[in-house]
There are 2 protein chains.
Amino acid sequence: MRLSKKERQAKLQQALSNDPFLTDEEMAKKCGVSIQTIRLDRMELGIPELRERVKRMAEENFDQVRSLSPEEVIGEVIELQFDQSGISILDIREEHVFARNRIARGHYLFAQANSLAVAIINAEVVLTRSAHIRFVRPVKMGERCIATAKVIDTDRARFQIQVKTRVNQEIVFQGMFHVYRLEEEGRT
Amino acid sequence: MRLSKKERQAKLQQALSNDPFLTDEEMAKKCGVSIQTIRLDRMELGIPELRERVKRMAEENFDQVRSLSPEEVIGEVIELQFDQSGISILDIREEHVFARNRIARGHYLFAQANSLAVAIINAEVVLTRSAHIRFVRPVKMGERCIATAKVIDTDRARFQIQVKTRVNQEIVFQGMFHVYRLEEEGRT
DNA sequence: CATGTTCTAATATCAAGTACTAACTCAGTA
DNA sequence: TACTGAGTTAGTACTTGATATTAGAACATG
């Protein structure tokens with residue numbers, strides 16, 4: 001005997017969750033019922049049609065890509081004095097925190113600081129040599145991290161840069177970065 | 001006078017790149033030409049129809065979500081002995097490198113090491129206190145970074161973890177991480 | 001002038017639906 | 001027994017956003 005209505009609907013939801021690209025026709029075949037039955041089931045379960053499902057998935061994806069992708073630099077650099085100092089802002093959002101406790105993952109704070117340290121130096125290629133960092137207090141979702149960096153020592157190719165990150169004046173992260181630039185032969 | 005064919009096609013691609021959900025009809029309106037013209041343009045440019053575009057985006061997303069999404073951790077942890085040691089692999093890809101020279105951004109190496117250091121500790125909430133790190137040599141696109149971490153000191157709530165990252169046996173990054181766990185009141 | 005490029009128009013068709021109406025199958029029951 | 005109702009199937013008309021194809025303008029250019 002074939003499945004009861006409830007069983008079929010459960011099966012449907014299951015099937016859709018691991019392949020949301022099923023048409024009504026395919027689902028009908030799978031369940032051994034008519035297309036109309038599947039449509040009624042979808043109505044009852046509030047499942048939109050294939051195209052709508054697909055569109056929603058694509059939209060979610062698109063939004064994410066938009067908000068996240070230009071991560072050439074983590075944080076937004078808002079002020080920059082080459083070889084001297086710079087300021088960058090990073091708003092801690094969903095994607096930066098541990099799901100469990102909404103505390104920012106350390107590597108985002110590091111990334112903001114590192115990006116800023118590298119951005120300050122006016123050269124084609126700048127690499128980090130080493131860093132000594134300290135996470136002074138946990139940062140929570142929604143907090144705005146303002147990192148300030150200043151070059152405190154240099155010998156032309158190597159730079160020592162101090163970065164302090166604050167949330168409302170309060171220091172949450174600080175680090176000392178040693179970065180260096182690769183001199184390229186044909187540079188102007 | 002309206003746009004030339006080339007200009008229109010350029011405009012089309014532009015428009016689609018910041019809103020891929022445009023129908024032919026909407027694009028026709030935007031460009032002040034007939035739908036048929038837009039279709040011809042799409043043919044020439046090899047742009048699939050709306051539904052196909054949307055479907056592809058959704059599929060990419062779906063695949064990514066399946067394969068990549070648990071990026072709770074950067075790099076793939078392949079071995080883990082709680083409170084003792086761990087190993088993680090990170091393949092350096094496009095998204096990890098500077099576009100200009102294909103050298104990996106420091107913060108990805110840091111993130112791999114930091115994620116691993118935090119993962120090792122068997123507790124609900126583990127945070128990084130400080131780190132002393134050194135980028136021994138630049139890592140290029142395509143290289144596989146294998147990070148090994150071991151706990152070298154602990155006093156129950158605080159841990160000192162050494163992480164070494166290698167590409168083909170050669171050390172490219174090393175760091176000493178101090179992490180700590182938050183004891184939660186009601187833990188078993 | 002003929003020719004070719006570019007554009008527009010019109011028609012038939014498709015996939016994957018919605019919306020609606022009608023009818024069939026049984027099982028329980030008044 | 002006849003009736004009722006849930007569950008299912010069938011069929012039609014319509015919608016969107018296309019494809020595929022054919023045909024005809026508008027206009028420049030050799």
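Given the structure is predicted, the values throughout are model-derived calculations rather than measurements. Here is how names work: the chains are called A, B, and so on, in the same order as the sequence lines, proteins then strands, and each is numbered from 1.
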Interatomic distance, [X] [atom1] vs [N] [atom2] [rounded to whole Å]:
{"X": "B:I47", "N": "D:dA18", "atom1": "CD1", "atom2": "P", "value": "12 Å"}
{"X": "A:E52", "N": "D:dT16", "atom1": "CD", "atom2": "C1'", "value": "12 Å"}
{"X": "B:M27", "N": "D:dG17", "atom1": "CE", "atom2": "P", "value": "11 Å"}

TODO: Could you tell me whether B:E52 and B:R56 have a side-chain N and a carboxylate O separated by less than 4.0 Å?
DONE: yes

Open item on the list: Ring-plane angle category for A:Y108 and A:H96, please: parallel below 30°, perpendicular beyond 60°, tilted otherwise.
Closed with: perpendicular

Open item on the list: Counting C-beta onward and ignoring hydrogens, is there a side-chain heavy-atom pair between A:E26 and A:F21 closer than 4.5 Å?
Closed with: no

Task: Side chain proximity check, B:R53 to B:L16, heavy atoms < 4.5 angstrom - done: yes

What pairs of nitrogen or oxygen atoms, one from the protein and one from nucleotides 13-16 of chain C, lie under 3.5 Å apart?
| from | atom 1 | to | atom 2 | distance (Å) |
| --- | --- | --- | --- | --- |
| C:dA15 | N3 | A:R51 | NH2 | 3.1 |
| C:dA16 | O4' | A:R51 | NH2 | 3.0 |
| C:dA16 | N3 | A:R51 | NH1 | 3.2 |

- [ ] Could you check whether A:R53 gets within reach of a base, just the sugar-phosphate, or nothing at all, counting any heavy atom under 4.0 Å?
- [x] nothing

TODO: Give one of base, sugar-phosphate or nothing for B:L40, where a contact means two heavy atoms less than 4.0 Å apart.
DONE: base

Respond yes when some side-chain nitrogen or oxygen of [X] is under 4.0 Å from OP1 or OP2 of [N], and no when none is.
{"X": "B:T37", "N": "C:dC7", "value": "no"}
{"X": "A:R8", "N": "D:dT8", "value": "yes"}
{"X": "B:R42", "N": "D:dA18", "value": "no"}

Open item on the list: Looking at B:R137, I'd like to know if its CZ atom is crowded, meaning that more than 12 non-hydrogen atoms belonging to other residues, nucleotides or ligands lie closer than 6.0 Å.
Closed with: yes

- [ ] State whether the number of non-hydrogen atoms from other residues, nucleotides or ligands found under 6.0 Å of A:D155 atom CG is greater than 12.
- [x] yes

Protein and nucleotides 20-28 of chain D: nitrogen or oxygen contacts under 3.5 angstrom:
none

Task: Exercise: do A:D83 and A:T154 side chains pair donor with acceptor under 3.5 Å - done: no

TODO: Provide the closest heavy-atom pair for B:L127 versus A:P138 in the form atom of the first, atom of the second, distance.
DONE: CD1-CG, 3.7 Å

Task: Candidates A:K5, A:K11, A:Q9 - the one meeting side-chain hydrogen bond (donor to acceptor under 3.5 Å, both in side chains) with A:D41 - done: A:Q9

